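Okay, so here's the structure we're looking at.
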Amino acid sequence: MRIKKKKWIEKIDKDLSEEDIKKHISMVLHNLPSAMRNVFELFTTQELSLEEIAQIRNNTIKDVEHLLKDAKKALQLSLLNRYTTK
């Protein structure tokens, strides 16, 4: 599984520009539930810690971890479905 994932990442890096990747991520994020999108953006763009995000959102750290994990899974799945190694 790791080898497939590594090959898939290498293919995406080779085949897609940074702008293409950003556009795809933006499209996927737009379609996520707002809580997931918000947590992902606070974590990646604002570089806030899980604890800070939990405090801002009045959530538990576990809830924030779950939302972030689900957002990452959705992005990975979307990229995998769209750009799988043939």
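The structure displayed is predicted, hence computed values, not measured ones.
Listed by first then second residue, pairs satisfying salt bridge (charged side-chain N to carboxylate O under 4.0 Å, His left out) with a partner in residues 30-50 number zero, not counting sequence neighbours. Applying the salt bridge (charged side-chain N to carboxylate O under 4.0 Å, His left out) test to residues at least two apart or on different chains, the pairs with a partner in residues 21-30 are Glu18-Lys22.
Remark: Glu65 pairs with no residue by the side chain to side chain donor-acceptor pair (under 3.5 Å) rule, at least two apart or across chains. Taking the side-chain contact (heavy atoms from CB on, under 4.5 Å) definition, one finds that Gln46 meets it with Leu42, Leu48, sequence neighbours left out. Partners of Lys72 according to the side-chain contact (heavy atoms from CB on, under 4.5 Å) rule, which considers only residues two or more places apart in sequence or in another chain, are Phe40, Phe43, Leu68. Remark: Glu51 engages Ser49 in a side chain to side chain donor-acceptor pair (under 3.5 Å) (not counting sequence neighbours). Under the rule for a side-chain contact (heavy atoms from CB on, under 4.5 Å), the partners of Ala54 that lie at least two apart in sequence or sit in another chain are Ile61, Val64.
Side-chain contact between Asp63 and Arg57: absent, with no pair of heavy atoms (C-beta onward) separated by less than 4.5 Å.
The environment of CG in Asn58 is sparse: at most 12 heavy-atom neighbours from other residues, nucleotides or ligands sit within 6.0 Å. Heavy atoms of other residues, nucleotides or ligands lying less than 6.0 angstrom from CD of Glu52 number more than 12.
How far CD1 of Ile53 is from CG of Asn59: 10.0 Å, rounded to the nearest 0.5 Å. With rounding to the nearest 0.5 angstrom, the CG atom of Leu79 is 6.5 Å from the CD1 atom of Ile25. To the nearest 0.5 Å, atoms OG1 (Thr44) and CG (Leu75) are separated by 9.0 Å. The line from NE2 of His66 to NZ of Lys69 is 8.0 Å long, rounded to the nearest 0.5 Å.
Taking each heavy atom of Met36 and Ala71 in turn, the nearest pair found is SD-N, 3.6 Å.
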